[in-house]
2 protein chains.
Amino acid sequence: MYTGVVDTRERLIESTRTLLWERGYVATSPKLIQQAADAGQGSMYHHFTGKEQLALAAIERTAEEMRRQIDALLDGPGTAVERIATYLRREREVLKGCPIGRLTQDPDVMASPTLREPVEGMFAWLRGRLADVVSGGIAAGELSPGVEPGATATAIVAVLQGGYVLARAAADTAPFDQAIEGILALLRSQGIAR
Amino acid sequence: MYTGVVDTRERLIESTRTLLWERGYVATSPKLIQQAADAGQGSMYHHFTGKEQLALAAIERTAEEMRRQIDALLDGPGTAVERIATYLRREREVLKGCPIGRLTQDPDVMASPTLREPVEGMFAWLRGRLADVVSGGIAAGELSPGVEPGATATAIVAVLQGGYVLARAAADTAPFDQAIEGILALLRSQGIAR
DNA sequence: GTCTATACAGCGATAGAC
DNA sequence: GTCTATCGCTGTATAGAC
């Protein structure tokens, strides 16, 4: 249950964020949200038109927060590969999975253009962001010009998302760490000795 | 709806396989299964104790089938990297996602040790199977001895699973293909010229 | 083996009082 | 803004006839 000292509308959004992360959209009922937010039926339907609109607010906030965190890490110091490594290795609640990525497996989210839009936007942004870092690494002479920025960036994001899948399947964070180290080793071998 | 000419029990399992793939476990109701299998309530509860046992039969069959297909591809001709490329590039219903991998995002599947077991087993098997192929490639002098088989194999499986996530997010198979080509390019650069 | 009837809880939303 | 009452529908399963 969300216990921050904030107003009801805020508690509803934060509780929904948590529940979407833990259970996804189909498996999260308005009742569950209300209990977690310590709000009544009336409150929820006063502040939002329904489950979908509330979920949209929650998803958009999660996406915004994630963008800020990723920007901070990728804008940090170090070479391109070092910054990518920092991003991939940052602390995560691995067994809970990615709060945005998991929504791609939810039938009701995928069926709703409204809810799918922020999910699509988040990954399009992330792939582009990482492709720019890879391009920068090539321009700086850190990475071989033979490296294709777009494909490499997409593979990196995929390893991350797939790492969550493997960790959850194993109920163990080890496969996630192993996948990350696997792609980083491959990336490092693309470096140009200087 | 499943329309093969087989008995009711069989139709129930096949319909469940399809629905689990398309909607996952929580979002698949007994009613939906019965309609797809063209079977009544009574039939379903005669052949199976309930939704969970039926899902288990469906998941186990999907996993077995997948193992057979993967074995056939990885046992084929070509170098280690070529066989991995063949496996990664085989035709897939990319936008539907992985029928096993998607279950890791289902709260009820993860909460049930019974249902989680075949999912865990499938990925443990696959990671080991690919690690063996990588090891073979090193032993054959095709890949650099610096390549770590376990981490590399796990990264490959992760790219696949993450590729599905990105494709579904984009409602487009392009990110899947891009991720695959990205990791293959990195893998190929690990080759030892002969 | 398959059918219909029934059960009871939960879902997602609305109504109207306070 | 929040509460309680109510609604029609679905989820999952059981009972008992055929």
Side-chain angles (χ1 to χ4, degrees), chain A residues 1-20 22-59 103 106-116, chain B residues 1-59 103 106-115:
Chain A
M1 183 187 310
Y2 183 77
T3 53
V5 182
V6 286
D7 65 22
T8 302
R9 184 192 156 84
E10 187 60 21
R11 290 203 312 278
L12 284 165
I13 294 175
E14 287 301 316
S15 296
T16 303
R17 291 219 297 154
T18 303
L19 284 164
L20 287 182
E22 289 173 349
R23 306 188 46 79
Y25 183 77
V26 275
T28 295
S29 66
K31 188 177 192 176
L32 228 45
I33 294 170
Q34 291 148 24
Q35 289 170 345
D38 196 23
Q41 290 265 87
S43 294
M44 186 186 128
Y45 286 100
H46 169 74
H47 291 290
F48 300 93
T49 61
K51 176 181 168 178
E52 187 176 24
Q53 201 203 12
L54 175 48
L56 179 61
I59 293 170
L103 299 175
D106 198 300
D108 287 9
V109 170
M110 289 296 100
S112 158
T114 306
L115 295 180
R116 215 178 60 72
Chain B
M1 185 187 310
Y2 183 79
T3 52
V5 183
V6 285
D7 65 22
T8 303
R9 184 191 155 85
E10 187 61 21
R11 290 202 311 279
L12 283 165
I13 294 176
E14 288 300 319
S15 296
T16 303
R17 291 221 294 155
T18 302
L19 285 164
L20 287 183
W21 193 2
E22 289 173 349
R23 307 186 46 78
Y25 184 77
V26 275
T28 296
S29 66
K31 189 177 191 176
L32 227 46
I33 294 169
Q34 290 149 25
Q35 288 171 346
D38 196 24
Q41 289 266 88
S43 294
M44 185 186 128
Y45 286 100
H46 169 73
H47 291 290
F48 300 94
T49 61
K51 176 180 168 178
E52 186 176 25
Q53 200 203 16
L54 175 48
L56 179 61
I59 293 169
L103 299 176
D106 197 299
D108 287 10
V109 170
M110 290 296 100
S112 159
T114 306
L115 295 180

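Lettering of chains follows the sequences in order, A, B, ..., and the numbering in each one begins at 1. Everything numeric here is computed off the predicted structure, so don't read it as measured data.
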Which nucleotide in the list D:dG1, D:dA13, D:dT4 gets nearest to the side chain of A:His47?
D:dG1
Let's see if you can work this out: which of C:dC3, C:dA13, D:dC3 has an atom nearest to the side-chain heavy atoms of A:Ser43?
D:dC3
Where the side chain of A:Lys51 is concerned, which of C:dA5, D:dG11, C:dG12 is the nearest nucleotide?
C:dG12
Nearest heavy-atom pair of B:Leu32 and B:Ala27: which atoms, and what distance?
CD2-O, 3.9 Å
Atom CD of B:Gln53 and atom C1' of D:dA13: how far apart are they, to the nearest Å?
14 Å
Could you tell me the separation between the CZ atom of A:Arg23 and the P atom of C:dG10, rounded to a whole number of Å?
13 Å
Atom CD of B:Gln35 and atom P of D:dT12 are separated, to the nearest Å, by 13 Å
A:His46 NE2 to D:dT4 P, in whole Å, measures 17 Å
Show me the pairs that pass side-chain hydrogen bond (donor to acceptor under 3.5 Å, both in side chains) and involve residues 47-58 of chain A, at least two apart or across chains.
A:Thr49-A:Gln53, A:Glu52-A:Ser112
Between the side chain of A:Arg116 and the main-chain N/O of A:Ala111, is any donor-acceptor distance below 3.5 Å?
no
Closest to the A:Tyr45 side chain, choosing from C:dG12, C:dC11, D:dT2:
C:dG12
To the nearest Å, give me how far apart CG (A:Asp38) and P (D:dC3) are.
8 Å
Where the side chain of B:Lys31 is defined as all heavy atoms beyond and including C-beta, which of D:dA13, D:dG11, D:dT2 is the nearest nucleotide?
D:dG11
Let me know the distance between CD1 of A:Ile33 and P of C:dG12, rounded to the nearest Å.
8 Å
Supply the atom-to-atom distance B:Tyr25 OH to B:Asp106 CG, rounded to the nearest 0.5 angstrom.
8.5 Å
Between C1' on C:dA9 and CG on A:Leu32, what's the gap in Å once rounded to a whole number?
14 Å
Listed nucleotide nearest any side-chain atom of A:Pro30, set C:dA13, D:dT14, D:dG11
C:dA13
Rounded to whole angstroms, how far apart are CD on B:Gln41 and C1' on D:dT10?
11 Å
Between B:Ala27 and A:Gly40, who's closer to the 5' end of DNA chain D by nearest nucleotide?
A:Gly40
Rounded at 0.5 Å granularity, tell me how far CD1 in A:Ile33 sits from CD1 in A:Ile13.
11.0 Å
Counting just side-chain N and O atoms, does B:Thr8 come under 4.0 Å of either OP1 or OP2 of C:dT2?
yes
